[in-house]
Amino acid sequence: FQIWRLITNFLFFGPLGFSFFFNMIFLYRYCRMLEEGSFRGRTADFVFMFLFGGFLMTLFGLFASLFFLGQAFTIMLVYVWSRRNPYVRMNFFGLLNFQAPFLPWVLMGFSLLLGNSIIIDLLGIAVGHIYYFLEDVFPNQPGGKKLLLTPGFLKMVLDTPEEDPNYNPLPEDHPENQPREQDQNQQQHPQ
């Protein structure tokens, strides 16, 4: 009944070393770029992507006997970002130039050079592809529809409420009735 392990398995990236710091940098960078880019103003959808990806990774990880999924989670984020930004040119340590959709595969090759198992990277790529397909590809196909719907309670808790179009503010709250900055300065510093 150690329920916390369902979450903490995504927080372990191995012992301190080059691979650990590499994963931390990529996790921070691509999580931030997704949040500020395609998920801007959609915090609930961003969290739902985490929950969906975490659920699938845990499920597949049980069958593959993978107990630490932090690196797979990082690769999933990189995969989703790279597919949503297909025309971005990437440079890997000044050695390789390629388009963004190849980044997860380059990272998997680099992981192989470091002596890590590529099963974890393949799991992250597979889960990232499932999410990308269900969220971005299938709904745009003829006869397709959006299958991943963010639960309403997440939207209620995490997203800012939309403004009511029928809302009529009080007259003193209208922007044209607000004192201008110049008027405020004159009131504070009379001459």
Beyond-backbone contact of [X] with [Y], side-chain heavy atoms, under 4.5 angstrom:
X: Y30; Y: L103; result: yes
X: V88; Y: W81; result: yes
X: L123; Y: I75; result: no
X: I120; Y: L69; result: no
X: F102; Y: M90; result: no
X: L34; Y: S38; result: yes
X: L77; Y: M49; result: yes

With a 4.5 Å cut-off on side-chain heavy-atom distances among I, L, V, M, F, W and Y, is there a chain of contacts connecting [X] to [Y]?
X: I130; Y: I119; value: yes
X: F48; Y: V157; value: yes
X: F153; Y: F46; value: yes
X: L27; Y: L16; value: yes
X: L96; Y: V78; value: yes

Sub-6.0 Å ring centroid separation between F110 and F22:
yes

Partners of L122 by side chain to side chain contact (heavy atoms under 4.5 Å, CB included), sequence neighbours excluded?
W105, M108, I118

Rounding to 0.5 Å, atoms CD1 (I125) and CZ (R83) come to a distance of 11.0 Å

Rounded to the nearest 0.5 Å, the CG atom of L112 sits from the OG atom of S117 at a distance of 9.0 Å

Quick check: are there more than 12 heavy atoms from other residues, nucleotides or ligands sitting under 6.0 Å from CZ of F52?
yes

Under 6.0 Å from the CZ atom of F98, do we count more than 12 heavy atoms belonging to anything else shown?
yes

How are the rings of F50 and F73 set to each other: parallel, tilted or perpendicular (split at 30° and 60°)?
perpendicular

Looking at [Y], is its backbone amide N or carbonyl O close enough to the side chain of [X] to form a donor-acceptor pair, meaning the two atoms are under 3.5 Å apart?
X: N97; Y: N91; result: no
X: T58; Y: G54; result: yes
X: R40; Y: E36; result: yes
X: D159; Y: T43; result: yes
X: S65; Y: G61; result: no
X: Q99; Y: P86; result: yes

Kindly indicate, with the supporting measurements, whether the criterion side chain to side chain contact (heavy atoms under 4.5 Å, CB included) is fulfilled by L66 and F60.
CA-CA 8 Å; L66 298 172; F60 295 152; over 6 Å; no

Indicate the atoms forming the closest heavy-atom contact of S82 with A100, along with that distance.
CB-O, 3.0 Å

Please report the shortest heavy-atom distance between M76 and G53, naming the atom on each side.
SD-CA, 3.6 Å

N/O donor-acceptor pairs under 3.5 Å from side chains in residues 134-152, not counting sequence neighbours:
unit_1	atom_1	unit_2	atom_2	d
E135	OE1	K146	NZ	3.3
E135	OE2	K146	NZ	2.5
D136	OD1	R84	NH2	3.0
D136	OD2	R84	NE	2.7
D136	OD2	R84	NH2	3.4
N140	ND2	D136	O	2.7
T150	OG1	D45	OD1	2.4

